[in-house]
Amino acid sequence: MAFADTWELQLLHFAFFLGIYLTALLGNGLIITAVAYNHRLHTPMYFFLLNLSLLDLGTISTTVPKSMANSLWDTRAISYWGCSAQVFLLAFFLSTEYSVLTIMAYDRFIAICKPLHYKTIMGSRACVKMAAAAWSSGFLHALLHTGNTFSIPLCQGNAVEQFFCEIPQILKLSCSDSYLRELGVIVVSVCLGFGCFVFIVVSYVQIFTAVLRIPSEQGQHKALSMCLPHLAVVSLFVITATFVYLKPPSISSPALDLVVAVLYAVVPPTVNPLIYSMRNRELKDALKKLIQLVLFSSNELSISPHK
């Protein structure tokens, strides 16, 4: 599905998506580089933030470049295997990201509610195991969805009403009785997702209860500054994804589906770096040092021939 029918609007769409994509690459790339090269950020919280930035880069790279290319070349085509790859990668990155966000809620819970046991529970080996479990479960989840989706006979044409290959839109092309198996997988995924959501909510109820017991206002502010960015990212992710997959068919329309898909597949990977860097002093300082280092290196390169 194209965003517009006229060439001028297609160019505008290309320019708009290019700006968003470059912003996402820059923001997430800076966070990945800052966490990797700053030893002060080698902690569980920033380790999972690095994973989140990698997943955000993967999510936006799965959908936006192909849509930009279609707008630039005035085409709407995607190969069957390209469509399968989009379904697999998007399911992989989104499900893994949700798992990582759940682990990050657990990390915040241990840091605030059980600070004396934090280093024991959230050791480096435990963090690596949790991250590996998140990525592995995301891979299996994506494999299951992709296999089920493309094993269904598609007898309603080959036009997907979305700017990328999305499972709900592909299921609309299936025969009337052949999508029940994939529907069962979606129900199981929703139940697992709801379980993670309950875990996050319970964790934050205990976190905020513990924060209110902190006697100093400065301590409360420091604890909240660690939690609010994560809570904002989780809320954005859950609200948009829930609306996409659980909205009633009566309010569904191509234009609405297009807007909501942008909100859950394009906007979060772009704004997540901004959300995490706004209230995080350590990350701000690391990013400033990184930018200063890059500028200093470029100045050194520019003046070296004159020495």
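Clustering ILVMFWY residues whenever any of their side-chain heavy atoms sit less than 4.5 angstrom apart, transitively, puts I239 in a cluster other than the one holding L90. If you chain together hydrophobic residues whose side chains sit under 4.5 Å apart, L143 and L94 fall into the same group. Side-chain heavy atoms closer than 4.5 Å link hydrophobic residues (I, L, V, M, F, W, Y) into clusters, and following such links, possibly through other members, connects F194 to L236. Grouping the Ile, Leu, Val, Met, Phe, Trp and Tyr side chains by contacts below 4.5 angstrom, directly or via other members, places I275 with L228. With hydrophobic clusters built from ILVMFWY side chains whose heavy atoms lie under 4.5 angstrom apart, V198 shares a cluster with L231.
Remark: side-chain polar atoms of S67 are not paired, donor with acceptor, to backbone N or O of V64 under 3.5 angstrom. A donor-acceptor pair under 3.5 Å links the side-chain atoms of N28 to the main chain of A24, judged by distance alone. The main-chain N or O of L101 is found under 3.5 Å from a side-chain atom of H230 such that the two form a donor-acceptor pair. Between the side chain of S174 and the main chain of I170, no donor-acceptor pair closer than 3.5 Å is present. A donor-acceptor pair under 3.5 Å is absent between the side-chain atoms of H141 and the main chain of F92, judged by distance alone. The backbone N or O of C165 lies less than 3.5 Å from a partner atom in the side chain of Q86, making a donor-acceptor pair. Checked by atom type and distance alone, the side chain of E97 never pairs as donor or acceptor with a backbone atom of L52 at under 3.5 Å. Within the 3.5 Å criterion, the main-chain N or O of L140 finds no donor-acceptor partner in the side chain of H145.
Each of I152, L154, N148 was evaluated against L171; a single residue qualifies, I152, per the side chain to side chain contact (heavy atoms under 4.5 Å, CB included) test.
Of the inter-residue distances, the one linking F88 atom CZ with F93 atom CZ reads 8.5 Å to the nearest 0.5 angstrom. To the nearest 0.5 Å, the span separating OG on S95 from OH on Y98 amounts to 11.5 Å. The structure places CE of M104 at 13.0 Å from OG of S99, a figure rounded to the nearest 0.5 Å. Here the CG-CD1 distance, from L50 to I31, works out to 9.5 Å after rounding to the nearest 0.5 Å. Annotation: the span from F47 atom CZ to D107 atom CG amounts to 11.0 Å, rounded to 0.5 Å. Separating the CG atom in L11 from the CG atom in L72 is a distance of 7.0 Å, to the nearest 0.5 Å.
Looking at P273 and L30, their side chains never come closer than 4.5 Å, going by heavy atoms from C-beta outward. Counting only heavy atoms from C-beta outward, the side chains of F17 and P65 never approach each other to under 4.5 Å. With contacts defined as side-chain heavy-atom distances shorter than 4.5 Å, the pair Y80/N158 does not qualify. Under the 4.5 Å side-chain criterion, counting only non-hydrogen atoms from C-beta, Q206 is in contact with F109. T23 is not listed as a side-chain neighbour of L26, based on a closest heavy-atom distance of 4.5 Å or more. Contact of the F139 side chain with the T96 side chain is not registered, since no non-hydrogen atoms from C-beta on lie closer than 4.5 Å.
Y264 and F164 get closest at one heavy-atom pair: OH-CZ, 3.6 Å. The shortest non-hydrogen separation linking N38 to R40 is OD1-N, 2.9 Å. Shortest non-hydrogen contact noted between I103 and A134 is CD1-CB, 4.0 Å. Contact detail for T33 and G29: the closest heavy-atom pair is OG1-O, 2.8 Å. Counting all heavy atoms, side chain and backbone alike, A159 lies closest to L173 at O-CD2, 3.5 Å. R108 and Y118 make their closest contact through NH2-OH, 3.7 Å (heavy atoms, listed as atom of the first residue, atom of the second, distance).
Counting heavy-atom neighbours within 6.0 Å of F14 CZ, excluding the residue itself, gives a total above 12. The 12-atom threshold is exceeded at CZ of F150, counting heavy atoms of other residues, nucleotides or ligands nearer than 6.0 Å.
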Does the side chain to side chain contact (heavy atoms under 4.5 Å, CB included) test come out yes or no for M45 and M122, once each step is laid out? CA-CA 10 Å; M45 182 175 74; M122 301 300 296; over 6 Å; no
Are T146 and T149 close enough, and set up right, to give a side chain to side chain contact (heavy atoms under 4.5 Å, CB included), and what steps lead you there? CA-CA 5 Å; T146 307; T149 301; 5.9 Å; no
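Ring centroids of Y106 and F48 are separated by 6.0 Å or more, keeping the two rings apart.
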